[in-house]
Amino acid sequence: MMKQRNWKLFKGSWVSTEPVLPRVWQRKEGGHVVRARIVDRTTGRQRELWKVRSEADAPTALKWIEDECQRVRAGAASVAPQQTRFCDYATSLFERKVATKEIKSARGRERWRHTLRHLIAGTDNVDGFGDLLIDQMRPMHVETWRAGIGRLIAAGAYAPTTANGWLCILRHVLKRAKRELQLPVNAAEGIPAFDTSEHETYTVEQPNALDGEEVAAFLGCMKDEFPGQYAMTFLGFATGLRPSSIRPPRRTGPTPAVLWDEGVLLIRRSHTLRDEFMKTTKTGLRQRITVPPEVVEVLRWHVDTQFVTPDQRASELLFPSETGGFRSETFLKKAFATVGSLVGLKKNFTPRGMRRTFNDLMRLTKVEAIVTKSISGHQTDRMREHYSTVTPDEQRASIGNVVQLFGRKSGEGSGEGHHPSGEEAKRAARD
């Protein structure tokens with residue numbers, strides 16, 4: 001027969017008045033609670049340990065409190081790696097990165113949530129890392145996962161660029177875990193990225209860029225068919241700004257981004273999802289762009305003619321939705337697809353292509369790279385070149401200039417142009 005016990009209320013739980021084992025008290029609702037006082041080595045002060053173990057029997061609860069006391073005596077971190085699973089640590093890291101503004105944008109949070117679902121729960125019969133104890137993760141665990149994802153890439157289920165995004169976040173999680181939990185090894189260190197050499201984002205047939213004539217036709221059709229999207233598209237071609245930087249500027253208010261009389265745009269906010277925005281741009285760069293009168297004229301036309309609702313007219317935004325809030329990411333996509341078809345484009349063209357087109361047109365008009373970057377917001381030549389497409393005419397003209405330097409006569413395509421022999425060249429050099 002179970003011994004009749006007396007109970008007392010302590011810290012919100014009814015517990016036995018006497019311990020059933022050292023540091024272990026029975027809990028009236030079931031299970032046990034554990035309590036101990038011990039000197040914390042990291043502070044030199046006494047610390048109380050208290051834990052409700054609602055499912056544990058007395059011996060299990062005793063082992064837990066003894067292990068915890070040993071850990072505190074040793075001055076170990078408050079998160080014991082031998083008790084931490086990958087899913088718990090990765091989720092905690094994500095929450096801390098959001099709280100400390102390491103992840104600022106709604107798009108960034110969405111990317112992390114999406115990636116952690118794949119890394120924790122797994123993807124299409126490829127096991128994730130969720131249940132693994134993080135201090136027991138080894139490179140072979142990551143290599144096995146990588147091989148499984150590689151098979152999905154080969155089957156066409158995912159692009160290697162997508163998988164590399166997952167791998168990038170996995171590397172970051174395990175690097176932080178090694179430092180914060182003092183792990184002996186980073187299981188993702190040295191793991192190679194997925195090969196992207198056969199995955200072409202932009203091709204000769206699909207450059208996602210337009211030439212000058214195509215831009216003129218595209219803008220003309222856009223104004224006729226989608227006048228509400230025209231000014232935003234015009235500004236995108238004229239400045240090469242990211243769509244996320246074009247949506248949030250304010251035309252009025254205490255801190256407007258459009259200085260109408262000066263012809264200046266102040267780019268200092270970024271918008272990705274819903275009504276949330278960042279008080280900085282994607283790269284942290286705040287820009288002051290002086291635009292020509294033609295651009296100001298288009299923006300004034302937009303404000304005067306395209307604000308059709310009271311909410312739009314009351315909004316401070318330059319490109320408000322009908323309800324006065326931010327335009328969505330998809331605002332331009334349907335219009336671009338329709339206009340591309342109407343003007344007879346033989347290639348796909350998306351809003352991101354405005355940035356590529358801007359870089360190409362600036363290069364063709366011989367604008368210095370430093371000026372181009374100051375407008376588009378690219379901070380490096382590498383990124384500027386990544387968003388560029390060299391045209392056949394540029395290549396032809398450049399090769400022609402080189403050919404002229406080594407003596408080929410202009411206009412002779414038959415191969416009959418005179419090239420001096422070795423002896424003639426030597427005599428010419430002596431003379």
Side-chain angles (χ1 to χ4, degrees), residues 84-132 134 137 141-178 180 186-189 191-196 199-202 208 242-245 247-248 270-278 280-284 326-334 350-352 355 383 386:
T84 305
R85 299 189 186 278
F86 176 86
C87 58
D88 297 325
Y89 178 79
T91 302
S92 169
L93 177 62
F94 169 56
E95 291 170 350
R96 286 184 284 125
K97 287 175 71 70
V98 172
T100 58
K101 299 294 185 181
E102 288 181 70
I103 301 175
K104 294 187 181 73
S105 71
R107 176 63 69 204
R109 294 196 302 275
E110 183 180 77
R111 179 193 174 208
W112 265 75
R113 288 192 190 99
H114 174 78
T115 299
L116 290 183
R117 281 196 293 269
H118 285 280
L119 294 178
I120 291 172
T123 305
D124 296 341
N125 297 321
V126 177
D127 291 338
F129 306 102
D131 289 335
L132 294 180
I134 202 161
M137 288 183 65
H141 290 114
V142 182
E143 287 286 11
T144 301
W145 171 84
R146 183 175 177 273
I149 297 298
R151 288 190 289 271
L152 294 178
I153 293 172
Y158 296 97
T161 49
T162 299
N164 278 334
W166 301 343
L167 181 57
C168 180
I169 289 181
L170 175 63
R171 286 170 175 160
H172 180 80
V173 170
L174 293 181
K175 182 178 180 181
R176 288 282 289 264
K178 181 182 179 182
E180 294 179 353
N186 172 0
E189 186 174 1
I191 300 295
F194 295 96
D195 177 51
T196 61
H199 178 76
E200 296 180 298
T201 303
Y202 303 113
N208 200 20
R242 300 176 182 86
S244 60
S245 294
R247 291 192 294 271
S270 180
H271 168 259
T272 52
L273 296 174
R274 296 176 287 278
D275 287 332
E276 184 177 333
F277 65 91
M278 294 192 302
T280 182
T281 60
K282 178 181 177 181
T283 60
F326 293 107
R327 288 291 186 184
S328 71
E329 277 189 299
T330 60
F331 178 61
L332 293 178
K333 289 182 178 178
K334 181 179 178 180
T350 69
R352 288 191 176 186
R355 194 162 173 80
M383 287 305 298
H386 174 71

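Small disclaimer: the values here were computed from a predicted structure and weren't measured. What's counted below: heavy atoms across the whole structure, side chains too, no hydrogens, waters or symmetry copies.
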Item checked: Point-to-point distance, once rounded to the nearest 0.5 Å, from CG of N164 to CD1 of I153 -> 7.0 Å

Next item on the list: Enter the distance from E102:CD to L93:CG here, rounded to the nearest 0.5 Å.
Entry: 7.5 Å

Note to self: Contact between K333 and P351 at the side-chain level, heavy atoms closer than 4.5 Å - yes or no?
What the structure shows: yes

Note to self: To the closest 0.5 Å, what do you measure between CD (E95) and CZ (R109)?
What the structure shows: 12.5 Å

Tabulate below the donor-acceptor pairs under 3.5 Å that side-chain atoms of residues 118-130 make, not counting sequence neighbours, or state none.
| from | atom 1 | to | atom 2 | distance (Å) |
| --- | --- | --- | --- | --- |
| H118 | ND1 | T123 | OG1 | 2.7 |
| H118 | NE2 | H114 | NE2 | 3.3 |
| D124 | OD2 | Y158 | OH | 3.3 |

Notebook entry, point to check: Just by distance, do the side chain of S92 and the backbone of D88 share a donor-acceptor pair under 3.5 Å?
Noted result: no

Check: Going by heavy atoms in the side chains, are I103 and R111 under 4.5 Å from each other?
Finding: no

Note to self: Tell me the closest heavy-atom pair linking G150 and F194, and the distance in Å.
What the structure shows: N-CE2, 3.9 Å

Next item on the list: Considering non-hydrogen atoms only, spot the tightest contact between R327 and R247 and give its length.
Entry: O-CD, 3.1 Å

Next item on the list: Grab the two heavy atoms, one from P160 and one from D195, that are nearest each other, plus how far apart they are.
Entry: CB-O, 3.4 Å

Notebook entry, point to check: Who are the side chain to side chain contact (heavy atoms under 4.5 Å, CB included) partners of K178, not counting sequence neighbours?
Noted result: L183, N186, E189

Check: What distance do F94 atom CZ and T115 atom OG1 have between them, rounded to the nearest 0.5 Å?
Finding: 10.0 Å

Margin query: Please give me the minimum heavy-atom distance between D131 and R85, naming the atom from each residue.
Written below: O-NH1, 2.6 Å

Note to self: Rounded at 0.5 Å granularity, tell me how far OG1 in T100 sits from CZ in R96.
What the structure shows: 8.5 Å

Check: Under 3.5 Å, side chain of S105 to main-chain N/O of G108, donor-acceptor pair present?
Finding: yes

Next item on the list: Give the minimum heavy-atom separation between I149 and A163, together with the two atoms involved.
Entry: CG2-CB, 3.7 Å

Notebook entry, point to check: Who are the side chain to side chain donor-acceptor pair (under 3.5 Å) partners of R171, not counting sequence neighbours?
Noted result: none

Checklist line | Residue pair Y89 / L174, side-chain heavy-atom distance below 4.5 Å | finding: no

Check: Of the non-hydrogen atoms in A193 and R146, which two are nearest, and what is the gap between them?
Finding: O-NH2, 3.2 Å

Check: Does the side chain of W112 come within less than 4.5 Å of K97's, by heavy atoms?
Finding: yes

Check: Which value, rounded to the nearest 0.5 Å, describes the distance between W166 atom CH2 and T161 atom OG1?
Finding: 10.5 Å

